[in-house]
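Naming convention: chains lettered A, B, ... in sequence-line order (proteins, then strands); numbering from 1 in each chain.
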Amino acid sequence: MEYKHKDIESRWQQKWQEEGIYRVDNSSDRPKYYVLDMFPYPSGAGLHVGHPLGYIASDIYSRYKRLRGFNVLHPMGYDAYGLPAEQYAIRTGQHPEITTRENTARYREQLDKIGFSFDWSREIKTCDPEFYRWTQWAFLRMFGSWYNRRTAKAEPIETLIAHLEKHGTEGLDAAQTRELDFSASDWAAMSDKERSDALMNWRLAFQANTMVNWCPKLGTVLANDEVSEGLSVRGGYPVEQKMMYQWCLRVSAYADRLLKDLETIDWSDSIKETQRNWIGRSEGAEMRFKVADSDVELEIFTTRADTIFGVTFMVLAPESAYVDMVTTPDRRAAVEEYVSAAKHKTERERMIDKKVSGVFTGAYAINPLTGKQVPIWVSDYVLAGYGTGAIMAVPAHDSRDYAFARHFDLPVIPLIEGADVSESSFDAKEGRMINSAGPELDLNGLEVKDAIAKTKEFIAAKGIGKVKVNFRLRDAIFSRQRYWGEPIPIYYKDGIPMPYEEALPLALPEVDKYLPTETGEPPLGRAKNWTTPDGYPLELNTMPGFAGSSAYYLRYMDPRNPEALVSPEANKYWRNVDLYIGGSEHATGHLIYSRFWNKFLYDLGVVCEPEPFKKLINQGMIQGRSNFVYRIKDTNTFVSHGLKDKYDTTPIHVDVNIVSNDILDLDAFRKSQPEYATAEFILEDGKYICGWAVEKMSKSMFNVVNPDDIVERYGADTLRLYEMFLGPLEQSKPWDTNGIDGVNRFIKKLWSLYFKGDTCLVDDSEPTPEALKSLHKLIKKVTADIENFSFNTSVAAFMICVNELSTQKCHSREVLSTLLIVLAPFAPHVAEELWHSAIGRPESESIVRDAEWPEFNEDYLKESTITMAVSFNGKARYNITVAPDASREEIEKTALEHEGAAKWLEGKTVRKIIVVPGKIVNIVVG
RNA sequence: GCCCGGAUGGUGGAAUGGUAGACACGAGGGACUUAAAAUCCCUUGACCAUUGCGGUCGUGCGGGUUCGAGUCCCGCUCCGGGCACCA
């Protein structure tokens, strides 16, 4: 029998599917294990070889866990709402649902060919009403909840209303949009509309007038993580800041829990660090500065309370409400001009324009510790959205304040001994304080750390301010002015937003065009009868992309449950994801929102674990490896890479699919484009060698490698092994087809252990000690490697083992069948085939379902003798062989009596002998 | 600017503080073959020596700890990633 991958793979894939061997139940005697991949957005381009990298790794792990006796949940689905399908719809008029259906079908076809062990009976799509009803449901739960800081959890809005009825805002400690202050009788006197507006201040899903990232080109608002450097992540269009009334999620309420619980989960340091940065906890103090000749008090936030004696001016954000309150009449015109100019700048313009700018308000603030007056300025380097939108400026110890002070010629007072502030500020939080003594507080001589603590204590005691923790994490803007997303289940009764609970799932309506209406309303404004049966208008915004992906891992536990997102039983059984594999680009988006969403559901008692993903592995990106041909200028002649420097050439991308091992297929090249039909070549050694470079894998670079092509040519098992062999899972690396032959050769070599032509070589001979040693070395290595996600070295271990068994001419059924079990997670098709055709296991049995992972036996690894290196002064000189249980003395004796020793001992004294049993003997001479 | 990673042959990459370069690609040589493909065998870090033994240097740079450092510590350089007028 020959190794025919096409025949083998399609046959087993079909059989596995018919028998439903990957279907998993919500109850089992076996322990549970949940392995999840980040589900893909089904784009029109289909999968390229980079996409399955993480899926292959998770599949290997799932299969391994199954063989180890776990009940493994390993589902797959589609993140089906997204911009590309909508933009395609705008261009062509094709309903995004059709586009999405076509794309998911194509994805499924591609995924199936690779032989994944997904339980497709649990497949979900975020655009399926039976799925998104639970996205909408969760949104309404958030709408109906507030965050009680006292109990540190979300509570039903009714408990808040009860509090307001009794005490007003008195004694309330809640996550909120802004500080509100009213009494129980005020509450009683409010109209329904006023109450609704007031409650928005506390709801976890709420509407607010906030500064949003508005992308005019996309016609929608974007969340912070959807914007990078002032451009939209999708499409790269400019984004401006705009005040809009929008739906938001109060993610910030959970900032401290999101930060603290990072310590409880097994994620990489880098992604935890990214989340820590994004959450941005900073401990500081809020302080009040009286404004001279006014009752206004400026509240500012600082992390450097110790530098209060160095305050030489104050700065307000242009958008700050203080600006209006403090500006003196004579300065008003100048200030208004500056503020309006700042407002008209986009975020990108503000970022590019790093020039120092600002305007004096005419007012002065009084330093509460010194009583001295300092001028109040307005500048756009202070952000309205962080802290209080006002700062005390300490130019000596803050580089931004320093730049401002130098530009406007304001005084700089150094506060730290030895700090040279003639050229730049001294920002480090270290050193001893100077110039820091006032009538009531003396910080001189203290270390910065102690000075901060002392100042905080002082201002708190004096009632000048309080200790405050600020977070950079913003509430997530939750409305999108787009069509292809989940409708927000809200209707408006006399202008009051009401939950539309009874309508769930609230299905996405049909529209004639996927564009905003003439009056500038979102596309849902075009839907006919987009009202409740009573005629109340429905919300026109849809939910953002992260909505559907925030709780999908819960739905897989119980995907067809019509009563609940997930039943308590199913949730208690599967709990949370044990292993999650996906790209690190979701660090500040999906992975934050999911954790937030899960914590909210945890507060509600819907889920039993406070974190959704116990362990997270970020697979690296697979980059493209582009090939180039070199055209001699103004000719149709192409020169091989090694000779190109002799000519004046232009490098041109050439399709990597007509290049093999960097050698160009000349005929295919001539046929690829009409203009190349008459191309001439200057060859080296009869070949045209292409140049190469690592670039993003994309159509425009002609470097897209399609997994189907690899599967067609080499088979899924080769693709799987090769993707793992490419390098460490978490590292980004270019796809390089050059090495794939080696892995394919390995499979053929493996096959030749079992078959020579049509003859089956497997027999019942007693395995030799060497064969058992090779096998158990492999079991030990692969077991450890899988646990550590070091799959590349596992593949190497297989190659070594097969080479050894092949040299030993091992035909033992015992050894060769165990080898297949170890290989099965990596290359399931060839393992299953040989399991039956060569080992002769019964038809009814499947290696992927019924085999048991072998335990390695240390005894087989023991050597009758062991080799140890003998070194002199640390440099190895010769080897000795000793018994494994040789005593220290025996080893030393053997080492010194070895014939090689004489040369090194000649005329020297032995000072010390270090023996590391089994490894090395170091003889220190001198 | 702050915070995380990383740097090893021609290439991708291996190495619980213990003989650096596993495994694979590529390259060179050979066998088989009319020939090619496929397959198999040998060589392959650099330099020196080569009749044979062998020797010297080598993990981005400079120090240190250690009998012994790719690995640990200190100080740099460069590359990748995250955050960023966040006070």
- Query: For B/G5, what is the paired nucleotide under Watson-Crick or G-U wobble rules, both distances under 3.5 Å?
  - Reply: B/C79
- Message: Give me the distance, rounded to whole Å, that separates B/A15 from B/C48 when you measure between the C1' atoms they each carry.
- Response: 28 Å
- Message: Just the rounded figure in Å: distance from P of B/C83 to CG of A/N470.
- Response: 20 Å
- Message: Is B/G9 syn or anti, taking syn as a glycosidic angle within 90° of 0?
- Response: syn
- Task: Identify which nucleotide among B/C83, B/A87, B/A24 has an atom closest to any side-chain atom of A/N803, counting heavy atoms from C-beta outward.
- Result: B/A24
- Message: Within the structure provided, determine whether A/F471 and A/S252 are in side-chain contact (heavy-atom separation under 4.5 Å).
- Response: no
Protein-nucleic acid N or O pairs under 3.5 Å, nucleotides 64-72 of chain B:
unit_1 : atom_1 : unit_2 : atom_2 : d
B/C67  : OP1    : A/K912 : NZ     : 3.3
B/C67  : O2'    : A/N922 : ND2    : 3.2
B/C67  : O2     : A/N922 : ND2    : 2.2

- Message: Does A/P734 reach a base, just sugar-phosphate, or nothing at all? Heavy atoms under 4.0 Å.
- Response: nothing
- Task: Between B/U71 and B/C23, how far apart are the P atoms? Round to whole Å, please.
- Result: 24 Å
- Query: Quick one: A/E2 CD to B/A38 C1', roughly how many Å, whole number?
  - Reply: 11 Å
- Task: Write down the distance separating the C1' atoms in B/G21 and B/G45, rounded off to the nearest Å.
- Result: 8 Å
- Message: Closest-nucleotide mapping onto RNA chain B: is A/D401 or A/D736 further toward the 5' terminus? I mean the 5' end.
- Response: A/D736
- Which nucleotide in the list B/A14, B/A24, B/A87 gets nearest to the side chain of A/M799? B/A24
- Between B/A87 and B/C73 - C1' atom distance, rounded Å: 35 Å
- Message: Say we look at B/A69 and B/G62: how far apart would their C1' atoms be, to the nearest angstrom?
- Response: 15 Å
- Task: Report yes or no: is the cationic atom of A/R595 (NZ for Lys, CZ for Arg) closer than 6.0 Å to the six-membered ring centre of A/W267, at no more than 45° off its axis?
- Result: yes
- Item | Nearest-neighbour nucleotide for the A/S270 side chain, B/G13, B/G82, B/C4 considered | B/C4
- Compare side-chain N and O positions of A/Y381 against OP1 and OP2 of B/A87 and report whether any pair is under 4.0 Å apart. no
- Atom-to-atom span, CG of A/L726 to C1' of B/G13 - whole angstrom: 10 Å
- Item | Nucleotide paired to B/U33 in any strand shown, Watson-Crick or G-U, under 3.5 Å | none
- Using both distances under 3.5 Å as the test, list the Watson-Crick or G-U wobble partner of B/U56, or none. B/A46
- Query: So what's B/A69 paired with, Watson-Crick or G-U wobble, going by both distances under 3.5 Å?
  - Reply: none
- Salt-bridge criterion met for A/K780 and A/E858 (N-O under 4.0 Å): yes
- Relative to the ring of A/H5, is the ring of A/Y3 parallel (under 30°), tilted (30 to 60°) or perpendicular (over 60°)? tilted
- Message: Heavy atoms from C-beta onward define the side chain here; which of B/A14, B/C23, B/A87 lies closest to that of A/S282?
- Response: B/A87
- Query: Which heavy atom of A/A393 sits nearest a heavy atom of A/V315, and at what distance?
  - Reply: CB-CG2, 4.3 Å
- Contact nearer the 5' end of RNA chain B, comparing A/A390 with A/N277: A/N277
- Item | Which nucleotide in B/C83, B/C40, B/A22 has an atom nearest any side-chain atom of A/K749 | B/C40
- Message: From C-beta outward on A/Q731, which listed nucleotide comes closest to its side chain: B/U19, B/G13, B/A87?
- Response: B/G13
- For B/G13 and B/C61, measure between their C1' atoms and round to the nearest Å. 23 Å
- Integer-rounded Å distance: B/C85 C1' and A/Y386 OH: 13 Å
- Message: What contact category does A/I800 fall into here, base, sugar-phosphate, or nothing, at under 4.0 angstrom with non-hydrogen atoms?
- Response: sugar-phosphate
- Query: Salt bridge between A/E804 and A/K777, side-chain N to carboxylate O under 4.0 Å?
  - Reply: yes
- Message: Can you confirm whether or not the ring centre of A/Y722 sits under 6.0 Å from the ring centre of A/W735?
- Response: yes
- For B/G12, which nucleotide in any strand shown is its Watson-Crick or wobble partner with both distances under 3.5 Å? B/C23
- Task: Measure the distance from CD1 on A/I920 to P on B/A20 and round it to the nearest whole Å.
- Result: 8 Å
- Query: For B/U51, which nucleotide in any strand shown is its Watson-Crick or wobble partner with both distances under 3.5 Å?
  - Reply: none
- Shortest side-chain distance from A/F725, nucleotide among B/U39, B/G12, B/C4: B/G12
- Item | CD (A/E2) with more than 12 external heavy atoms under 6.0 Å | no
- Item | B/U39 OP1/OP2 closer than 4.0 Å to side-chain N/O of A/R745 | yes
- What does B/C85 pair with, Watson-Crick or G-U, if both distances are under 3.5 Å? none
- Query: On a whole-Å scale, what distance lies between the P atoms belonging to B/G17 and B/G6?
  - Reply: 14 Å
- Value in whole Å for how far the P atom of B/U19 lies from CD1 of A/I923: 16 Å
- Message: Looking only at the side chain of A/D398 (C-beta and beyond, no hydrogens), which of the listed nucleotides B/A87, B/C3, B/A14 gets closest?
- Response: B/A87
- Message: Rounded to whole Å, how long is the line connecting atom NZ of A/K777 with atom C1' of B/C23?
- Response: 13 Å
- Is any side-chain N or O of A/N792 closer than 4.0 Å to OP1 or OP2 of B/G12? no
- Task: Compare every heavy atom of A/A451 with every heavy atom of A/D306, then report the nearest pair and how far apart it is.
- Result: CB-CB, 3.6 Å
- Grab the CG-P distance between A/L383 and B/C85 for me, whole Å please. 6 Å
Side chains of residues 744-756 of chain A: which donor-acceptor pairs under 3.5 Å do they make with residues two or more places apart or in other chains?
unit_1 : atom_1 : unit_2 : atom_2 : d
A/N744 : OD1    : A/K748 : NZ     : 3.4
A/N744 : ND2    : A/T718 : OG1    : 3.0
A/K749 : NZ     : A/N803 : OD1    : 2.6
A/W751 : NE1    : A/M1   : O      : 3.0
A/S752 : OG     : A/K749 : O      : 2.6
A/Y754 : OH     : A/L816 : O      : 2.6

